Amino acid sequence: MIEITNNVIDSQAVLESVQDTRAGAVVLFLGTTRSITGDRGTDSLDYECYESMAIQQLEALETTARERWDVINIQITHRLGHLLPGEASVAIAVSSAHRVNAFECGQWLIDTLKEDVPIWKKENWSDGTHEWVHPGMEG
Amino acid sequence: MIEITNNVIDSQAVLESVQDTRAGAVVLFLGTTRSITGDRGTDSLDYECYESMAIQQLEALETTARERWDVINIQITHRLGHLLPGEASVAIAVSSAHRVNAFECGQWLIDTLKEDVPIWKKENWSDGTHEWVHPGMEG
Amino acid sequence: MTLQIKLFAVAMQKAGTSELEVDCPLPATLVDLEQAILTTCPALTDVLPHCRFAIDDQFATAQTEIAADSTIAIIPPVSGGAL
Amino acid sequence: MTLQIKLFAVAMQKAGTSELEVDCPLPATLVDLEQAILTTCPALTDVLPHCRFAIDDQFATAQTEIAADSTIAIIPPVSGGAL
(Lines give C-alpha, C1' and ligand atoms only; values in the text may rest on other atoms or scores of the structure.)
Protein backbone atom coordinates (compact mmCIF):
# COMPACT_ATOMS: atom_id res chain seq x y z
CA MET A 1 0.00 0.00 0.00
CA ILE A 2 1.10 3.56 -0.56
CA GLU A 3 0.13 6.72 1.28
CA ILE A 4 0.90 10.43 0.98
CA THR A 5 -0.02 12.29 4.13
CA ASN A 6 0.24 15.66 5.81
CA ASN A 7 0.30 14.04 9.24
CA VAL A 8 3.14 12.85 11.44
CA ILE A 9 4.18 9.34 10.36
CA ASP A 10 3.17 6.65 12.86
CA SER A 11 6.05 4.21 12.41
CA GLN A 12 4.39 1.61 14.60
CA ALA A 13 1.30 1.63 12.38
CA VAL A 14 3.53 1.31 9.30
CA LEU A 15 5.25 -1.71 10.85
CA GLU A 16 1.99 -3.32 11.86
CA SER A 17 0.53 -2.82 8.40
CA VAL A 18 3.08 -5.22 6.86
CA GLN A 19 3.22 -7.84 9.57
CA ASP A 20 2.00 -11.28 8.62
CA THR A 21 2.38 -14.67 10.24
CA ARG A 22 4.01 -15.97 7.02
CA ALA A 23 6.76 -13.34 7.46
CA GLY A 24 10.12 -14.20 8.99
CA ALA A 25 11.49 -10.72 8.44
CA VAL A 26 10.32 -7.13 8.49
CA VAL A 27 12.57 -4.27 7.40
CA LEU A 28 11.54 -0.69 8.15
CA PHE A 29 13.34 2.32 6.73
CA LEU A 30 12.70 5.80 8.14
CA GLY A 31 14.07 8.87 6.38
CA THR A 32 14.46 11.45 9.14
CA THR A 33 15.23 15.15 9.19
CA ARG A 34 18.82 15.90 10.11
CA SER A 35 19.50 19.01 12.16
CA ILE A 36 23.06 19.16 10.82
CA THR A 37 24.25 18.51 7.23
CA GLY A 38 28.01 18.89 6.99
CA ASP A 39 28.54 22.06 9.02
CA ARG A 40 25.15 23.67 8.27
CA GLY A 41 22.23 23.65 10.66
CA THR A 42 18.66 22.94 9.53
CA ASP A 43 15.69 24.51 11.30
CA SER A 44 13.04 22.68 9.30
CA LEU A 45 12.16 21.16 5.94
CA ASP A 46 9.18 21.70 3.67
CA TYR A 47 8.11 18.88 1.36
CA GLU A 48 5.87 19.36 -1.65
CA CYS A 49 4.83 16.97 -4.38
CA TYR A 50 3.18 16.64 -7.75
CA GLU A 51 0.49 14.52 -6.24
CA SER A 52 -1.22 12.77 -9.14
CA MET A 53 2.14 11.74 -10.60
CA ALA A 54 3.65 10.88 -7.22
CA ILE A 55 0.81 8.46 -6.50
CA GLN A 56 1.21 6.80 -9.90
CA GLN A 57 4.97 6.53 -9.46
CA LEU A 58 4.66 5.08 -5.95
CA GLU A 59 2.15 2.52 -7.17
CA ALA A 60 4.50 1.62 -10.03
CA LEU A 61 7.34 1.21 -7.52
CA GLU A 62 5.31 -1.24 -5.47
CA THR A 63 4.34 -3.20 -8.58
CA THR A 64 7.92 -3.42 -9.84
CA ALA A 65 9.23 -4.37 -6.40
CA ARG A 66 6.74 -7.23 -6.16
CA GLU A 67 7.84 -8.48 -9.58
CA ARG A 68 11.50 -8.45 -8.54
CA TRP A 69 11.38 -9.78 -4.99
CA ASP A 70 9.37 -12.43 -3.21
CA VAL A 71 7.88 -10.24 -0.51
CA ILE A 72 4.63 -10.43 1.42
CA ASN A 73 3.60 -6.83 2.17
CA ILE A 74 4.92 -3.40 1.25
CA GLN A 75 3.96 -0.09 2.85
CA ILE A 76 5.31 3.24 1.60
CA THR A 77 4.20 6.34 3.49
CA HIS A 78 5.52 9.79 2.52
CA ARG A 79 4.80 12.91 4.50
CA LEU A 80 4.41 16.39 3.02
CA GLY A 81 4.49 19.84 4.56
CA HIS A 82 6.59 21.29 7.34
CA LEU A 83 8.93 18.92 9.24
CA LEU A 84 11.14 19.56 12.24
CA PRO A 85 14.50 17.86 12.92
CA GLY A 86 14.06 14.26 14.01
CA GLU A 87 10.72 13.83 12.26
CA ALA A 88 10.35 11.20 9.53
CA SER A 89 9.58 12.30 5.98
CA VAL A 90 9.24 8.78 4.62
CA ALA A 91 8.66 5.30 6.00
CA ILE A 92 9.05 2.13 3.96
CA ALA A 93 8.27 -1.27 5.43
CA VAL A 94 8.64 -4.65 3.72
CA SER A 95 7.83 -8.09 5.09
CA SER A 96 9.07 -11.34 3.58
CA ALA A 97 9.56 -14.98 4.47
CA HIS A 98 13.36 -14.61 4.18
CA ARG A 99 15.21 -11.51 5.25
CA VAL A 100 17.42 -10.92 2.21
CA ASN A 101 14.34 -10.06 0.16
CA ALA A 102 13.07 -7.55 2.69
CA PHE A 103 16.45 -5.81 2.90
CA GLU A 104 17.06 -5.69 -0.85
CA CYS A 105 13.52 -4.65 -1.68
CA GLY A 106 13.45 -1.94 1.00
CA GLN A 107 16.72 -0.47 -0.14
CA TRP A 108 15.67 -0.52 -3.80
CA LEU A 109 12.36 1.16 -2.93
CA ILE A 110 13.96 4.10 -1.14
CA ASP A 111 16.73 4.46 -3.74
CA THR A 112 14.21 4.51 -6.58
CA LEU A 113 11.71 6.68 -4.72
CA LYS A 114 14.41 9.30 -4.34
CA GLU A 115 15.12 9.20 -8.09
CA ASP A 116 11.69 8.96 -9.63
CA VAL A 117 8.91 10.10 -7.32
CA PRO A 118 8.17 13.82 -7.75
CA ILE A 119 8.47 14.95 -4.14
CA TRP A 120 10.82 17.78 -3.33
CA LYS A 121 12.21 19.24 -0.16
CA LYS A 122 13.19 22.76 0.76
CA GLU A 123 15.85 23.18 3.44
CA ASN A 124 15.17 26.01 5.84
CA TRP A 125 18.73 26.57 7.03
CA SER A 126 19.32 27.97 10.47
CA ASP A 127 21.10 30.98 8.91
CA GLY A 128 17.67 32.08 7.65
CA THR A 129 18.13 31.07 4.02
CA HIS A 130 15.88 28.62 2.15
CA GLU A 131 16.92 26.25 -0.60
CA TRP A 132 15.20 23.62 -2.74
CA VAL A 133 17.30 20.47 -2.77
CA HIS A 134 17.91 19.19 -6.30
CA PRO A 135 20.84 16.79 -6.60
CA GLY A 136 23.12 17.65 -9.50
CA MET A 137 21.79 21.18 -9.80
CA GLU A 138 23.65 24.16 -8.39
CA GLY A 139 21.85 26.56 -6.06
CA MET B 1 23.40 -0.98 23.03
CA ILE B 2 22.56 -4.63 23.33
CA GLU B 3 19.84 -6.35 25.30
CA ILE B 4 18.76 -9.93 25.94
CA THR B 5 15.24 -10.08 27.34
CA ASN B 6 12.49 -12.48 28.25
CA ASN B 7 9.84 -9.86 27.48
CA VAL B 8 7.94 -9.03 24.31
CA ILE B 9 10.09 -6.75 22.12
CA ASP B 10 8.78 -3.18 22.00
CA SER B 11 9.79 -2.25 18.45
CA GLN B 12 8.82 1.38 18.96
CA ALA B 13 11.17 1.64 21.94
CA VAL B 14 13.94 0.04 19.87
CA LEU B 15 13.39 2.60 17.10
CA GLU B 16 13.33 5.49 19.53
CA SER B 17 16.52 4.33 21.21
CA VAL B 18 18.53 4.94 18.02
CA GLN B 19 16.91 8.16 16.85
CA ASP B 20 19.12 11.21 16.77
CA THR B 21 18.75 14.59 15.13
CA ARG B 22 22.04 13.98 13.28
CA ALA B 23 20.46 10.90 11.65
CA GLY B 24 19.01 11.02 8.14
CA ALA B 25 18.16 7.33 8.15
CA VAL B 26 16.98 4.65 10.53
CA VAL B 27 16.79 0.99 9.51
CA LEU B 28 14.93 -1.47 11.73
CA PHE B 29 15.02 -5.22 11.21
CA LEU B 30 12.56 -7.49 12.98
CA GLY B 31 12.99 -11.24 12.90
CA THR B 32 9.48 -12.62 13.34
CA THR B 33 8.08 -16.07 13.95
CA ARG B 34 6.59 -17.64 10.84
CA SER B 35 3.53 -19.82 11.24
CA ILE B 36 4.40 -21.66 8.02
CA THR B 37 7.83 -22.82 6.80
CA GLY B 38 7.57 -24.55 3.46
CA ASP B 39 4.51 -26.74 4.03
CA ARG B 40 4.97 -27.21 7.79
CA GLY B 41 3.04 -25.32 10.43
CA THR B 42 4.70 -23.86 13.53
CA ASP B 43 2.79 -23.55 16.79
CA SER B 44 5.53 -21.77 18.69
CA LEU B 45 9.28 -21.37 19.10
CA ASP B 46 11.50 -21.60 22.16
CA TYR B 47 14.74 -19.61 22.24
CA GLU B 48 17.59 -20.33 24.61
CA CYS B 49 21.07 -18.88 24.82
CA TYR B 50 24.50 -19.26 26.39
CA GLU B 51 24.07 -15.93 28.06
CA SER B 52 27.56 -14.87 29.15
CA MET B 53 28.96 -15.69 25.70
CA ALA B 54 25.97 -14.25 23.83
CA ILE B 55 26.41 -10.91 25.58
CA GLN B 56 30.12 -10.83 24.75
CA GLN B 57 29.45 -11.78 21.13
CA LEU B 58 26.73 -9.14 20.76
CA GLU B 59 29.00 -6.48 22.22
CA ALA B 60 31.75 -7.55 19.83
CA LEU B 61 29.27 -7.30 16.93
CA GLU B 62 28.42 -3.73 17.85
CA THR B 63 32.10 -2.82 18.19
CA THR B 64 33.01 -4.33 14.82
CA ALA B 65 30.01 -2.72 13.12
CA ARG B 66 31.02 0.71 14.39
CA GLU B 67 34.54 0.18 13.05
CA ARG B 68 33.20 -0.76 9.62
CA TRP B 69 30.36 1.72 9.11
CA ASP B 70 29.84 5.35 9.96
CA VAL B 71 26.70 4.97 12.04
CA ILE B 72 25.27 6.96 14.94
CA ASN B 73 23.42 4.47 17.15
CA ILE B 74 22.96 0.71 17.19
CA GLN B 75 20.41 -1.24 19.22
CA ILE B 76 20.27 -5.04 19.21
CA THR B 77 17.52 -6.66 21.29
CA HIS B 78 17.10 -10.45 21.34
CA ARG B 79 14.23 -12.17 23.05
CA LEU B 80 14.42 -15.57 24.73
CA GLY B 81 11.78 -18.03 25.83
CA HIS B 82 8.47 -19.01 24.28
CA LEU B 83 7.32 -17.10 21.16
CA LEU B 84 4.09 -17.33 19.23
CA PRO B 85 3.73 -16.82 15.45
CA GLY B 86 4.01 -13.15 14.53
CA GLU B 87 6.11 -12.24 17.56
CA ALA B 88 9.60 -10.82 17.06
CA SER B 89 12.60 -12.79 18.33
CA VAL B 90 15.13 -10.12 17.43
CA ALA B 91 15.11 -6.41 16.65
CA ILE B 92 18.09 -4.54 15.24
CA ALA B 93 17.98 -0.79 14.68
CA VAL B 94 20.72 1.37 13.18
CA SER B 95 20.73 5.12 12.64
CA SER B 96 23.16 6.96 10.37
CA ALA B 97 23.55 10.26 8.56
CA HIS B 98 23.31 8.51 5.18
CA ARG B 99 21.05 5.59 4.52
CA VAL B 100 23.46 3.19 2.78
CA ASN B 101 25.38 2.78 6.05
CA ALA B 102 22.26 1.98 8.05
CA PHE B 103 21.13 -0.64 5.51
CA GLU B 104 24.52 -2.31 5.13
CA CYS B 105 25.28 -2.28 8.83
CA GLY B 106 21.84 -3.61 9.77
CA GLN B 107 22.08 -6.45 7.29
CA TRP B 108 25.60 -7.36 8.40
CA LEU B 109 24.53 -7.34 12.06
CA ILE B 110 21.68 -9.79 11.56
CA ASP B 111 23.71 -12.01 9.20
CA THR B 112 26.58 -12.21 11.67
CA LEU B 113 24.33 -12.54 14.72
CA LYS B 114 22.80 -15.61 13.11
CA GLU B 115 26.25 -17.13 12.58
CA ASP B 116 28.11 -16.28 15.75
CA VAL B 117 25.82 -15.45 18.66
CA PRO B 118 24.99 -18.57 20.70
CA ILE B 119 21.21 -18.33 20.71
CA TRP B 120 19.23 -21.32 19.50
CA LYS B 121 15.63 -21.92 18.60
CA LYS B 122 13.44 -24.97 18.91
CA GLU B 123 10.56 -25.29 16.48
CA ASN B 124 7.40 -26.65 18.05
CA TRP B 125 5.75 -27.94 14.89
CA SER B 126 1.98 -28.12 14.71
CA ASP B 127 2.22 -31.90 14.18
CA GLY B 128 3.34 -32.12 17.82
CA THR B 129 7.05 -32.72 17.16
CA HIS B 130 9.83 -30.47 18.45
CA GLU B 131 13.13 -29.79 16.75
CA TRP B 132 16.20 -27.69 17.49
CA VAL B 133 17.15 -25.69 14.40
CA HIS B 134 20.82 -26.07 13.51
CA PRO B 135 21.67 -25.15 9.92
CA GLY B 136 23.86 -27.72 8.23
CA MET B 137 23.03 -30.44 10.74
CA GLU B 138 20.47 -33.13 10.01
CA GLY B 139 17.60 -33.71 12.42
CA MET C 1 -1.06 26.08 -29.70
CA THR C 2 -1.09 27.24 -26.08
CA LEU C 3 0.17 24.61 -23.63
CA GLN C 4 -0.17 24.72 -19.85
CA ILE C 5 3.03 23.76 -17.99
CA LYS C 6 3.05 22.85 -14.29
CA LEU C 7 6.06 23.98 -12.27
CA PHE C 8 7.40 22.69 -8.95
CA ALA C 9 10.15 23.40 -6.43
CA VAL C 10 13.07 25.37 -7.88
CA ALA C 11 11.35 25.72 -11.27
CA MET C 12 8.33 27.32 -9.61
CA GLN C 13 10.65 29.50 -7.53
CA LYS C 14 12.63 30.73 -10.54
CA ALA C 15 9.55 31.31 -12.72
CA GLY C 16 7.60 32.89 -9.87
CA THR C 17 4.50 30.87 -10.78
CA SER C 18 3.19 27.32 -10.51
CA GLU C 19 1.78 27.28 -14.03
CA LEU C 20 3.09 28.73 -17.28
CA GLU C 21 1.24 29.25 -20.54
CA VAL C 22 3.56 28.57 -23.45
CA ASP C 23 2.98 28.97 -27.17
CA CYS C 24 4.26 25.91 -29.05
CA PRO C 25 3.23 24.53 -32.47
CA LEU C 26 2.23 20.85 -32.49
CA PRO C 27 3.52 18.25 -33.19
CA ALA C 28 6.43 19.15 -30.95
CA THR C 29 9.43 17.28 -29.61
CA LEU C 30 10.71 17.71 -26.06
CA VAL C 31 13.43 19.96 -27.50
CA ASP C 32 10.77 22.13 -29.17
CA LEU C 33 8.92 22.25 -25.86
CA GLU C 34 12.05 23.27 -23.97
CA GLN C 35 12.72 26.06 -26.49
CA ALA C 36 9.16 27.33 -26.23
CA ILE C 37 9.35 27.39 -22.43
CA LEU C 38 12.65 29.28 -22.41
CA THR C 39 11.29 31.85 -24.89
CA THR C 40 8.37 32.52 -22.55
CA CYS C 41 10.36 32.26 -19.33
CA PRO C 42 14.11 32.90 -19.67
CA ALA C 43 14.39 32.67 -15.86
CA LEU C 44 14.33 28.88 -16.28
CA THR C 45 17.49 28.85 -18.44
CA ASP C 46 19.77 27.54 -15.70
CA VAL C 47 17.45 24.93 -14.27
CA LEU C 48 15.58 23.47 -17.26
CA PRO C 49 18.53 21.42 -18.61
CA HIS C 50 18.60 19.57 -15.26
CA CYS C 51 14.87 18.76 -15.29
CA ARG C 52 12.80 16.01 -16.84
CA PHE C 53 9.37 16.47 -18.40
CA ALA C 54 6.28 14.58 -17.35
CA ILE C 55 3.44 14.16 -19.83
CA ASP C 56 0.18 12.93 -18.34
CA ASP C 57 1.90 12.00 -15.06
CA GLN C 58 4.59 9.84 -16.70
CA PHE C 59 8.19 10.74 -17.39
CA ALA C 60 8.40 11.74 -21.06
CA THR C 61 10.76 10.09 -23.52
CA ALA C 62 11.61 11.04 -27.09
CA GLN C 63 8.68 8.83 -28.12
CA THR C 64 6.07 10.54 -25.92
CA GLU C 65 3.49 12.42 -27.96
CA ILE C 66 2.48 15.90 -26.84
CA ALA C 67 -1.17 16.73 -27.48
CA ALA C 68 -3.07 19.97 -27.00
CA ASP C 69 -4.73 18.55 -23.89
CA SER C 70 -1.64 16.83 -22.44
CA THR C 71 -0.86 17.54 -18.80
CA ILE C 72 2.72 18.77 -18.95
CA ALA C 73 5.00 19.27 -15.97
CA ILE C 74 8.62 20.20 -15.40
CA ILE C 75 10.16 17.74 -12.92
CA PRO C 76 13.30 19.07 -11.21
CA PRO C 77 15.68 16.46 -9.79
CA VAL C 78 14.06 14.64 -6.89
CA SER C 79 15.37 15.43 -3.45
CA GLY C 80 17.70 12.50 -3.09
CA GLY C 81 17.98 13.18 0.58
CA ALA C 82 20.40 10.98 2.47
CA LEU C 83 22.66 9.26 -0.05
CA MET D 1 42.04 -33.86 34.58
CA THR D 2 38.26 -33.54 34.89
CA LEU D 3 36.78 -30.83 32.67
CA GLN D 4 33.25 -29.42 32.87
CA ILE D 5 31.55 -29.05 29.48
CA LYS D 6 28.41 -26.94 28.98
CA LEU D 7 25.84 -28.24 26.51
CA PHE D 8 23.07 -26.39 24.67
CA ALA D 9 20.21 -27.05 22.27
CA VAL D 10 20.58 -30.30 20.32
CA ALA D 11 23.79 -31.23 22.18
CA MET D 12 21.97 -30.95 25.49
CA GLN D 13 19.05 -32.90 24.05
CA LYS D 14 21.24 -35.76 22.76
CA ALA D 15 23.34 -35.96 25.91
CA GLY D 16 20.33 -35.60 28.18
CA THR D 17 22.18 -33.11 30.39
CA SER D 18 23.30 -29.48 30.31
CA GLU D 19 26.74 -30.24 31.76
CA LEU D 20 29.14 -33.11 31.19
CA GLU D 21 32.17 -34.10 33.22
CA VAL D 22 34.90 -35.39 30.95
CA ASP D 23 38.27 -36.86 31.77
CA CYS D 24 40.97 -35.37 29.55
CA PRO D 25 44.73 -35.03 30.14
CA LEU D 26 46.14 -31.50 29.72
CA PRO D 27 47.56 -29.96 27.65
CA ALA D 28 44.90 -30.95 25.14
CA THR D 29 44.02 -29.89 21.63
CA LEU D 30 40.45 -29.44 20.45
CA VAL D 31 40.74 -32.85 18.79
CA ASP D 32 41.78 -34.39 22.11
CA LEU D 33 38.83 -32.67 23.76
CA GLU D 34 36.42 -33.96 21.13
CA GLN D 35 37.72 -37.53 21.61
CA ALA D 36 37.37 -37.29 25.37
CA ILE D 37 33.81 -36.03 25.09
CA LEU D 38 32.80 -38.81 22.68
CA THR D 39 34.35 -41.42 24.96
CA THR D 40 32.22 -40.14 27.84
CA CYS D 41 29.10 -39.47 25.77
CA PRO D 42 28.83 -41.45 22.52
CA ALA D 43 25.35 -39.97 22.02
CA LEU D 44 27.07 -36.82 20.73
CA THR D 45 28.78 -38.68 17.85
CA ASP D 46 26.45 -37.35 15.16
CA VAL D 47 26.28 -33.75 16.33
CA LEU D 48 29.74 -32.93 17.65
CA PRO D 49 31.46 -32.69 14.23
CA HIS D 50 28.98 -29.90 13.35
CA CYS D 51 29.64 -27.91 16.53
CA ARG D 52 32.24 -25.36 17.54
CA PHE D 53 33.87 -25.12 20.97
CA ALA D 54 33.85 -22.03 23.13
CA ILE D 55 36.58 -21.56 25.72
CA ASP D 56 35.93 -18.83 28.27
CA ASP D 57 33.03 -17.42 26.19
CA GLN D 58 35.06 -17.10 22.95
CA PHE D 59 35.03 -19.39 19.95
CA ALA D 60 38.07 -21.63 20.25
CA THR D 61 40.72 -21.94 17.56
CA ALA D 62 43.63 -24.35 17.27
CA GLN D 63 45.66 -21.78 19.23
CA THR D 64 43.28 -21.54 22.18
CA GLU D 65 44.76 -23.00 25.35
CA ILE D 66 42.59 -25.25 27.50
CA ALA D 67 43.25 -24.93 31.22
CA ALA D 68 41.83 -26.88 34.14
CA ASP D 69 39.61 -23.95 35.06
CA SER D 70 38.55 -23.03 31.50
CA THR D 71 34.85 -22.60 30.90
CA ILE D 72 34.22 -24.98 28.01
CA ALA D 73 31.05 -25.13 25.95
CA ILE D 74 29.84 -26.99 22.89
CA ILE D 75 28.24 -24.52 20.46
CA PRO D 76 25.88 -26.14 17.95
CA PRO D 77 25.24 -24.21 14.71
CA VAL D 78 23.34 -21.02 15.47
CA SER D 79 19.74 -20.94 14.37
CA GLY D 80 20.21 -19.11 11.12
CA GLY D 81 16.52 -18.50 10.98
CA ALA D 82 15.29 -16.76 7.87
CA LEU D 83 18.04 -16.90 5.25
Side-chain angles (χ1 to χ4, degrees), chain B residues 4 29-38 42 45-61 63 78-80 83 85-92 107 109-124 129-139, chain D residues 3-22 30-31 33-35 37-38 41-83:
Chain B
I4 293 178
F29 170 80
L30 295 179
T32 53
T33 305
R34 282 192 297 271
S35 60
I36 300 285
T37 300
T42 296
L45 295 176
D46 286 290
Y47 283 83
E48 71 161 42
C49 86
Y50 177 15
E51 188 163 351
S52 60
M53 182 176 178
I55 289 172
Q56 286 201 31
Q57 291 286 316
L58 287 170
E59 286 174 345
L61 277 194
T63 300
H78 208 301
R79 185 172 163 197
L80 299 178
L83 275 74
E87 294 186 331
S89 57
V90 58
I92 295 178
Q107 193 160 7
L109 284 168
I110 183 63
D111 287 350
T112 312
L113 183 153
K114 285 179 172 283
E115 291 285 328
D116 286 346
V117 178
I119 300 175
W120 299 275
K121 71 175 177 189
K122 187 170 63 178
E123 289 263 4
N124 301 309
T129 61
H130 309 274
E131 188 178 1
W132 286 103
V133 178
H134 298 300
M137 186 189 289
E138 269 82 278
Chain D
L3 301 176
Q4 305 284 331
I5 316 283
K6 293 179 187 292
L7 305 179
F8 298 94
V10 77
M12 179 170 71
Q13 183 184 48
K14 295 279 183 187
T17 177
S18 64
E19 193 144 333
L20 272 182
E21 289 202 352
V22 163
L30 295 178
V31 175
L33 182 61
E34 189 168 340
Q35 284 303 326
I37 291 168
L38 292 181
C41 184
L44 290 172
T45 301
D46 290 344
V47 308
L48 204 52
H50 298 281
C51 297
R52 289 181 278 182
F53 284 107
I55 310 289
D56 295 332
D57 291 348
Q58 301 291 333
F59 285 112
T61 67
Q63 283 70 48
T64 308
E65 210 167 295
I66 303 169
D69 62 349
S70 293
T71 301
I72 304 173
I74 296 172
I75 309 293
V78 169
S79 72
L83 294 178

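Owing to the predicted nature of the structure, the values given are computational and were not obtained by experimental measurement. Quick note on labels: first sequence line is chain A, next is B, and so on, each numbered from 1. These numbers come from the heavy atoms of this one structure, side chains and all, not from hydrogens, waters or symmetry mates.
Per-residue heavy-atom pair counts under 4.5 Å with chain D were compared for B/G31, B/S52, B/P118, and the maximum is reached by B/S52. Options B/L45, B/T32, B/D46, B/I119 differ in how many heavy-atom pairs under 4.5 Å they form with chain D, and the most are formed by B/I119. The candidate with the highest count of non-hydrogen atom pairs below 4.5 Å against chain B, out of D/A54, D/A9, D/C51, is D/A9.
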Self-check item: side-chain contact (heavy atoms from CB on, under 4.5 Å) evaluation trace for D/I74 with D/F53
Solution: CA-CA 5 Å; D/I74 296 172; D/F53 284 107; 3.8 Å; yes

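With a threshold of 4.5 angstrom between heavy atoms, B/V117 approaches chain D through N, CA, C or O but not through any side-chain atom. Heavy-atom distances place no part of B/I55 under 4.5 Å from chain D, backbone and side chain included. Proximity to chain D is absent for every atom of B/D111, based on heavy atoms less than 4.5 angstrom apart.
Salt bridge status for D/K6 with D/D57: absent, with no side-chain N to carboxylate O gap under 4.0 Å.
Around CD of D/E65, the count of heavy atoms belonging to other residues, nucleotides or ligands within 6.0 Å does not exceed 12.
Note that CD1 of B/I4 and CG of B/L80 are 6.0 Å apart. Values are rounded to the nearest 0.5 Å. Separating the OH atom in B/Y50 from the CD atom in B/Q57 is a distance of 10.5 Å, to the nearest 0.5 Å.
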